[in-house]
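Scroll down for the structure; my scribbles are underneath it.
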Amino acid sequence: MTAPTPNSKDPDDLTPMEATAELARLAEEIARHDALYHQQAAPEISDAAYDALVRRNAAIEARFPDLVRDDSPSRRVGAAPAPGFGKVAHRVPMLSLGNVFERAEVAEFAAGIRRFLKLADDEPLALVAEPKIDGLSVSLRYEDGRLVQAATRGDGTEGEDITANIRTLDDVPDRLATDEPPPVVEIRGEVYMTRDDFLAFRERQVEAGEKKPPANPRNAAAGSLRQKNPEVTATRPLRLFAYSWGEVRGLEVASHHDFLDRLRAWGLPVNPETRLCEDVEAALAAYDDLAARRADLPYDIDGVVYKVDRVDWQKRLGFVSRAPRWATAHKFPAEQARTVLRSIEVQVGRTGALTPVARLDPVTVGGVVVARATLHNEDEIRRKDIRAGDTVIIQRAGDVIPQVVSVVLEARPDDAAPFAFPDHCPVCGSEAPRPEGEAVRRCSGGLICPAQAVERLKHFVSRNAFDIEGLGSKAVEAFFQDGLIQGPGDIFRLEETAADRIKAREGWGETSARNLFRSINDRRVISLDRFIYALGIRQVGQATARLLAGHYGSLEALRAAMAEAQDPDSDAYKALVNINDVGTSVARDILAFFHEDHNQTVLDDLAAQLDVRPFERAETAGDSPLAGKTVVFTGTLETLSRAEAKARAQTLGAKVTGSVSAKTDYVVVGADAGGKAAKARDLGVTTLSEAEFLEMSGGA
Ligand code: IVH
């Protein structure tokens with residue numbers, strides 16, 4: 001690749017189009033120099049020339065904050081992941097945790113568990129409170145007591161193989177200290193760096209001439225763990241706290257605290273601040289204690305995790321989407337700072353939503369430099385009366401995007417005018433109306449709005465969607481601007497339609513073009529859940545995409561059902577709304593997507609070019625008599641709450657719907673059942689008692 005011709009235009013004189021193109025070039029160029037410097041130790045340009053590129057990038061971003069790229073050099077933290085890590089499929093997914101901030105929400109967390117389990121009022125609900133370590137989660141697989149594999153969390157389903165690097169940690173034993181290890185145990189925990197170790201490490205990096213030393217212990221740990229050479233990792237002061245498990249065979253523990261004891265006995269570090277609490281009040285006291293001592297702990301924590309102690313209850317509680325029902329994180333309050341808001345920019349997202357963003361004088365909050373903050377929407381700006389020129393209080397909590405909390409009115413300049421929210425799209429100029437009852441204005445330009453089209457394409461190729469190597473955000477933008485791709489289907493025609501033009505592009509050539517076509521072709525076979533997620537339907541994230549894929553099984557079945565479900569009186573509509581988590585609002589967005597003629601054309605186009613693989617249900621589901629069955633619950637169940645009954649059926653691969661039809665396989669009838677039980681009998685649908693259902697679903 002040739003270096004970009006230095007653009008001497010003042011950033012103020014650039015058009016947005018020029019700025020977009022130059023930021024794209026800079027991101028690519030700087031990334032290339034980073035790789036040359038860090039991974040190949042073969043820099044091509046002087047430090048001064050490198051710094052000039054970084055400064056130019058920052059200057060353009062300062063002028064066009066809404067053009068800051070996801071992969072911007074200014075956003076990149078820590079060391080870039082070195083290529084060449086193998087992938088590891090997690091046999092048991094690595095989940096995330098729900099969050100709460102208020103004490104009342106903690107009480108509600110416990111009350112929800114009590115309801116789900118139908119616990120009697122006097123039944124104690126013991127919780128374990130553990131510090132939430134601000135590091136990186138890893139999974140360590142031991143077979144017959146020997147460490148055989150270590151992986152990062154990745155997207156929760158698939159991580160990176162970091163076995164060689166993990167072996168360099170003193171905290172991670174190669175063998176479990178026991179004569180009777182379980183045949184398989186995956187131990188999960190957090191890799192972190194203490195604050196003192198981080199400061200010393202950072203100083204060494206700066207002395208060694210590192211231009212971008214890590215900003216905080218978490219980034220330092222991340223960069224260290226993803227070194228290509230384990231000998232480098234070995235020099236980094238990494239540590240581990242173990243706190244949970246993935247796949248296990250031949251290990252029975254009754255409680256979480258028993259498991260932690262077992263970990264200690266095996267020689268794994270367990271956080272010494274962990275407390276077994278007899279009830280919510282005790283758990284909150286543990287939180288207060290940790291919050292008070294937070295700054296004195298040798299490592300960063302960002303909250304406290306509460307976990308139901310009894311393992312049989314954990315199993316019954318199971319998961320919602322990607323988080324367990326039996327655990328939650330109680331986060332510490334966000335850190336705040338004061339700065340000046342220079343301007344308010346309006347960005348246009350993938351679904352046309354106009355999102356206001358504050359451009360700030362850079363300020364450090366909780367160890368991170370913040371120059372932009374979200375303003376959510378029009379009403380929020382009005383409610384808080386936020387104006388350009390105001391001094392504002394901003395806050396940042398964990399990984400959450402920084403927010404503007406309030407305005408310091410005493411410091412308002414005399415000429416600060418109220419912000420006039422645009423009623424037209426700032427990118428394509430189409431009207432941007434605000435539908436009744438909604439908080440957000442949306443560009444009505446649809447396909448003619450380049451901002452939306454590009455954002456959709458970027459989403460389509462993104463990591464959790466089609467994940468096409470070599471076709472990142474910047475390439476999508478450039479190809480879109482040059483008319484090589486307009487919609488997702490065009491991607492799969494590129495080799496046919498634009499091979500020569502791509503080869504001739506600056507920075508491309510024969511080899512990269514060939515690699516790109518290879519990775520595009522590799523993605524002609526794709527799983528249904530990824531495919532659905534890639535469509536970028538409003539409110540349909542990965543979890544909902546998996547639910548839809550699991551429910552409908554194939555693209556054809558999904559499309560047929562969505563055609564039927566356009567009628568709100570249809571069974572198909574009821575079935576859709578009843579899928580776990582979906583509900584009417586999400587259903588409305590899904591149906592709107594499938595209603596659109598243009599989207600149908602895109603689907604036809606993609607279906608003709610791709611092999612969308614039916615969704616594979618979880619292994620455990622296959623052999624259950626409930627797998628693939630449609631189940632309706634009616635009446636009051638005695639031992640199970642409705643939520644638990646539904647969750648149990650779904651875990652075993654059943655679809656749970658709300659109404660009985662000829663397609664229903666089983667109706668589980670509790671006490672005081674009404675019309676549904678009668679309808680089942682009329683239609684000849686098998687009815688089950690609660691006891692029979694329990695039996696079929698693996699016992700009480
Ligand atoms: S338990 C199903 N315990 O927080 C169990 N996670 O927000 C899920 N984390 O990905 C994890 N300290 O990286 C658990 N004591 C702790 C933790 C902890 C930090 C991290 C972990 C997880 C994230 C979820």
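Positions are given from 1 along the sequence. Atoms within each ligand, like the ligands themselves, are counted from 1 in listed order.
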May I have a table of the N/O to N/O pairs between ligand 1 and the protein that fall below 3.5 Å, each row giving the two atom names and the distance to 0.1 Å?
{"unit_1": "ligand 1", "atom_1": "3 (N)", "unit_2": "Lys307", "atom_2": "NZ", "d": "3.0"}
{"unit_1": "ligand 1", "atom_1": "4 (O)", "unit_2": "Lys132", "atom_2": "NZ", "d": "3.1"}
{"unit_1": "ligand 1", "atom_1": "7 (O)", "unit_2": "Lys132", "atom_2": "NZ", "d": "3.4"}
{"unit_1": "ligand 1", "atom_1": "12 (N)", "unit_2": "Ile133", "atom_2": "N", "d": "3.0"}
{"unit_1": "ligand 1", "atom_1": "13 (O)", "unit_2": "Ser137", "atom_2": "OG", "d": "3.2"}
{"unit_1": "ligand 1", "atom_1": "13 (O)", "unit_2": "Glu190", "atom_2": "OE1", "d": "2.8"}
{"unit_1": "ligand 1", "atom_1": "13 (O)", "unit_2": "Glu190", "atom_2": "OE2", "d": "3.2"}
{"unit_1": "ligand 1", "atom_1": "13 (O)", "unit_2": "Tyr243", "atom_2": "OH", "d": "3.4"}
{"unit_1": "ligand 1", "atom_1": "15 (N)", "unit_2": "Glu130", "atom_2": "OE1", "d": "2.7"}
{"unit_1": "ligand 1", "atom_1": "15 (N)", "unit_2": "Pro131", "atom_2": "O", "d": "3.3"}

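One distance of note links CG of Leu360 with CZ of Arg372; it measures 9.5 Å at 0.5 Å rounding. To the nearest 0.5 angstrom, Gln336 atom CD is 9.5 Å from Ile394 atom CD1.
By the ring pair (Phe, Tyr, Trp, His ring centres under 6.0 Å) test, Phe241 is found to be paired with Tyr192, Tyr299, residues two or more places apart in sequence or in another chain being considered. The ring pair (Phe, Tyr, Trp, His ring centres under 6.0 Å) check on Trp245 picks up Phe259, with sequence neighbours excluded. Shown here are the ring pair (Phe, Tyr, Trp, His ring centres under 6.0 Å) partners of His330, two or more places apart in sequence or in another chain: Tyr287, Tyr306.
If you look at Tyr243 and His256, their ring centroids are not closer than 6.0 Å.
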